[in-house]
Amino acid sequence: MIIVRLDPKRLTNAVAQQKPGTSKLGTFRNVINPALSRPLAAPFAWLIVSLAQADYFVCATVGPGPEKRGNLTTSEAKDLVEKIEEYKGYSQIAAWALLIVAALWTFKVIALQDDKEEDTTEGTENEELLQMEEK
């Protein structure tokens, strides 16, 4: 079993160690975003997959299917099957909505990455080209 532990002391210390004058966006980008993104990725993925399969959601909302229930009339069984199909649709919609949220979050994480994480060799190559052009 994998246990994800979010240490609040470490998070508050990292926020406190930010340079004076650092904007709230900088604090979010450098401290809070990485601290939340990594530990929440696996549970979020599990939730999306379980909602896409629709078994857990239907069982939690409707209960067991007609094959597992005993004394049902044909009209009750038909109503139950219709209700199950309806809630499977709701589960699929929720899964797609969460998948879109995950994609937007991933885009935001990538877009807000620090410039210092980029390859530093590009800067030296550009400086060498500028020096060559000046000559």
Side-chain angles (χ1 to χ4, degrees):
M1 181 174 166
I2 297 174
I3 297 175
V4 177
R5 193 177 100 192
L6 187 60
D7 188 5
K9 286 184 181 180
R10 183 175 167 204
L11 184 62
T12 54
N13 288 341
V15 170
Q17 290 174 358
Q18 287 291 312
K19 295 177 186 175
T22 302
S23 68
K24 290 181 181 179
L25 177 64
T27 302
F28 180 78
R29 176 182 59 214
N30 297 329
V31 178
I32 297 171
N33 198 9
L36 290 178
S37 296
R38 290 183 189 110
L40 292 178
F44 208 69
W46 178 84
L47 185 61
I48 291 171
V49 169
S50 66
L51 283 172
Q53 291 176 348
D55 295 334
Y56 296 112
F57 185 77
V58 169
C59 186
T61 54
V62 179
E67 66 277 352
K68 293 186 180 177
R69 293 186 184 187
N71 304 324
L72 289 178
T73 64
T74 56
S75 64
E76 289 175 340
K78 185 177 178 182
D79 290 341
L80 185 61
V81 169
E82 288 175 4
K83 199 172 191 181
I84 287 173
E85 291 301 317
E86 179 183 0
Y87 281 95
K88 279 186 180 182
Y90 291 154
S91 183
Q92 291 287 321
I93 291 169
W96 280 104
L98 286 176
L99 185 62
I100 291 169
V101 167
L104 291 174
W105 182 270
T106 304
F107 175 75
K108 182 187 67 71
V109 167
I110 292 170
L112 290 178
Q113 281 181 346
D114 273 344
D115 294 333
K116 65 183 178 185
E117 292 179 6
E118 293 179 4
D119 189 25
T120 57
T121 58
E122 291 179 14
T124 57
E125 290 174 1
N126 289 338
E127 290 173 8
E128 289 174 2
L129 289 174
L130 288 174
Q131 288 174 358
M132 291 174 69
E133 288 178 0
E134 290 176 0
K135 292 180 183 179

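This one's a predicted model, so the numbers in the text were calculated from it and none came from an experiment.
- Residues W96 and V58 are members of one and the same hydrophobic cluster, defined by side-chain heavy-atom contacts under 4.5 angstrom among Ile, Leu, Val, Met, Phe, Trp and Tyr.
- Annotation for A54 and K88: closest pair CB-CG, 3.9 Å, computed over non-hydrogen atoms.
- Taking hydrophobic clusters as Ile, Leu, Val, Met, Phe, Trp and Tyr residues chained together by side-chain heavy-atom distances below 4.5 Å, L98 shares a cluster with Y90.
- Listed here is the closest heavy atom pair of P66 and V81: CG-CG2, 3.7 Å.
- V49 and L99 fall into different hydrophobic clusters, where Ile, Leu, Val, Met, Phe, Trp and Tyr residues are linked whenever their side-chain heavy atoms come under 4.5 Å apart, directly or through other members.
- Note on residues 40-63: no pairs pass ring-ring contact (aromatic ring centres under 6.0 Å, His included), not counting sequence neighbours.
- The minimum heavy-atom distance linking A102 with I48 is given by the pair CB-CD1, 4.2 Å.
- Counting all heavy atoms, side chain and backbone alike, Q92 lies closest to Q53 at NE2-N, 4.4 Å.
- N71 approaches E76 most closely through the heavy-atom pair O-OE1, 4.0 Å.
- By the rule that hydrophobic residues join a cluster once side-chain heavy atoms approach within less than 4.5 Å of another member, L51 and V101 end up as members of one cluster.
- Hydrophobic clustering (ILVMFWY, side-chain heavy atoms < 4.5 Å, transitive): Y87 and L47 are in one cluster.
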